[in-house]
Amino acid sequence: MLPKQRNILIALLLLAVCAGIAAVAVPRLFPGLGRRDIAFVHTWPGKAAPGLSVSRTTVSTLADGIQNLLEKDGVWTAWHRLAGRGGDPPAESAPEFETGDQVLLLRLAAETGDRKAFEQRLDWLAIHRTDGDGRLVDADGSPATNQVTL
């Protein structure tokens, strides 16, 4: 092999090694370069400033926190109030479960492919929130009226 060809080959190998090191090191040194943000579409006044975006990690953390606060025995309560400063007023969860919320959880389980959660939520709805004809009802026995989720 000629010395010139050997030098070109060595230079190419060195360039490939440097590119590999840069591909591994840059994301670790500058983690914000590869981050994708979720832009919120705000169609109602006062809810979000134009251009507001939140990282996927933040959204995931908030979702996990909400699930910890609202989930009781496999179903979600209608609301949860955090405790005030010093514990006054104390934290409080709703005593009731909204049918529409449970339908949303059923839909989420179906869309994410979580068969076990889907079957659990479907069984709960069938046992606790259907009338004799198989229609969804609210806790008081009236027809479920949450048109957003049903």
Side-chain angles (χ1 to χ4, degrees), residues 11-150:
L12 288 174
L13 287 173
L14 187 60
L15 183 63
V17 169
C18 289
I21 291 171
V24 172
V26 168
R28 291 182 185 207
L29 294 174
F30 306 102
L33 290 178
R35 184 180 66 218
R36 292 184 184 173
D37 291 341
I38 300 170
F40 286 100
V41 176
H42 55 90
T43 56
W44 59 95
K47 295 297 180 186
L52 175 68
S53 63
V54 178
S55 73
R56 291 184 187 277
T57 305
T58 302
V59 171
S60 177
T61 302
L62 288 172
D64 291 344
I66 290 169
Q67 183 169 357
N68 288 338
L69 291 174
L70 294 178
E71 189 171 24
K72 256 188 207 175
D73 300 325
V75 292
W76 280 27
T77 60
W79 51 265
H80 179 82
R81 182 176 60 201
L82 296 174
R85 293 183 188 255
D88 186 40
E92 180 182 13
S93 289
E96 69 272 359
F97 304 107
E98 296 289 335
T99 302
D101 294 339
Q102 309 320 312
V103 171
L104 279 176
L105 289 173
L106 180 71
R107 180 178 172 185
L108 175 66
E111 290 178 358
T112 57
D114 188 350
R115 185 181 180 107
K116 182 178 178 184
F118 179 83
E119 290 174 354
Q120 288 174 341
R121 296 191 195 305
L122 187 61
D123 289 343
W124 187 89
L125 281 168
I127 293 168
H128 298 285
R129 294 301 164 95
T130 53
D131 62 7
D133 297 326
R135 291 180 296 225
L136 286 174
V137 294
D138 284 327
D140 61 2
S142 63
T145 56
N146 187 339
Q147 298 301 313
V148 174
T149 60
L150 302 177

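Since we're looking at a predicted model, the values are computed, not measured.
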At what distance, to the nearest 0.5 angstrom, does [atom1] of [X] lie from [atom2] of [Y]?
X    : Y    : atom1 : atom2 : answer
H80  : E92  : NE2   : CD    : 9.0 Å
D101 : R121 : CG    : CZ    : 11.0 Å
T99  : L104 : OG1   : CG    : 11.5 Å
L62  : T57  : CG    : OG1   : 11.0 Å
Q120 : L106 : CD    : CG    : 11.5 Å
E111 : F118 : CD    : CZ    : 11.0 Å

Under the ring pair (Phe, Tyr, Trp, His ring centres under 6.0 Å) test, which residues partner H128, sequence neighbours left out? W124
Of all residues at least two apart in sequence or in a different chain, which pass the side chain to side chain donor-acceptor pair (under 3.5 Å) check with R135? D131, D133
Atom of A91, atom of A83 and distance for their closest heavy-atom approach: N-CB, 3.5 Å
Can you tell me which residue among V103, V137, T130 is in a side chain to side chain contact (heavy atoms under 4.5 Å, CB included) with L125? V103
